[in-house]
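Below is one structure, written out as structure tokens, with a few remarks after it.
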Amino acid sequence: MDEEYVERVRELVLRIPAGRVLSYGRVAELLAGGYGPRYVGRVMSIEGQDLPWWRVVRADGAMAPPLMGEAQVHWMEEGTPVRDGRVLMREALWT
DNA sequence: CGTGTGACTGGGC
DNA sequence: GGCCCAGCCACAC
């Protein structure tokens, strides 16, 4: 793992306000570290346990299947706009 | 070295 | 809107 990149991912994720989200692809863009969405996903799965990982979702507003249950709870708690189990990206995407 | 595998995406239908 | 698919690329075997 590129530990320096991991740290940058962590810092950015911690800046996402409650109730808002960023897509894996957007995180990759903002960090411009030469890695793509899949790598961001890998980082989140390995080093994102102690982060508000539910604020980083797929471009279509959903999450990988195993995480949907937990994510739903957090989205509800934070008042994240959700419909049919998916975050409404038009409204929740953090600029 | 060759292959398979994703916390992914955008494009085509 | 949904489904499929190729492209993606670091990683583990």
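So that the names make sense, note that chain A is the first sequence line, chain B the second, and so on, each numbered from 1.
Within the 4.0 angstrom heavy-atom criterion, only backbone atoms of the sugar-phosphate kind lie near A/Gly25; the bases stay farther away.
Candidate nucleotides C/dA10, B/dG10, B/dA7 were compared by shortest atom distance to the side chain of A/Ala59, and B/dG10 ranks first. Across C/dC11, C/dG2, B/dT9, the shortest atom-to-atom separation from the side chain of A/Arg86 is found for C/dG2. For A/Met1, whose side chain is taken as the heavy atoms from C-beta onward, the closest listed nucleotide among B/dG6, C/dC11, B/dA7 is C/dC11.
Look at CH2 on A/Trp75: it is 11 Å from C1' on B/dA7, rounded to the nearest Å. The separation between A/Tyr24 atom OH and B/dA7 atom C1' is 3 Å, rounded to whole Å. At whole-Å resolution of the value, CD1 in A/Ile46 and P in B/dG6 are 13 Å apart. Atom CZ in A/Arg83 sits roughly 13 Å away from atom C1' in C/dG2 (whole-Å rounding). Look at CG on A/Asp60: it is 11 Å from C1' on C/dG2, rounded to the nearest Å. Separating the CZ atom of A/Arg26 from the C1' atom of B/dG10 is a distance of 16 Å, rounded to the nearest angstrom. In this structure, A/His74 atom NE2 and B/dA7 atom C1' are separated by 14 Å, rounded to whole Å. Separating the CG atom of A/Leu22 from the P atom of B/dT9 is a distance of 11 Å, rounded to the nearest angstrom.
For A/Arg42 and B/dA7, a side-chain-to-base donor-acceptor distance below 3.5 Å is absent, hydrogens and geometry of angles not being considered. One donor-acceptor pair, N or O on each side, does fall under 3.5 Å between the base of C/dC8 and the side chain of A/Arg38.
Taking the charged nitrogens against the carboxylate oxygens, A/Glu78 and A/Arg55 do have a contact shorter than 4.0 Å, which makes a salt bridge.
OP1 or OP2 of C/dC11 sits under 4.0 Å from a side-chain N or O of A/Tyr39. Here A/Ser23 reaches the OP1 or OP2 of B/dT9: one of its side-chain N or O atoms lies under 4.0 Å away.
Taking CZ from A/Arg26 and CH2 from A/Trp94, the interatomic distance works out to 10.0 Å, rounded to the nearest 0.5 Å. If you take NE2 on A/His74 and OG1 on A/Thr80, they are separated by 10.5 Å, rounding to the nearest 0.5 Å.
Two rings, from A/Tyr5 and A/Tyr39, have their centers less than 6.0 Å apart.
A/Glu4 CD: 12 or fewer foreign heavy atoms inside a 6.0 Å radius.
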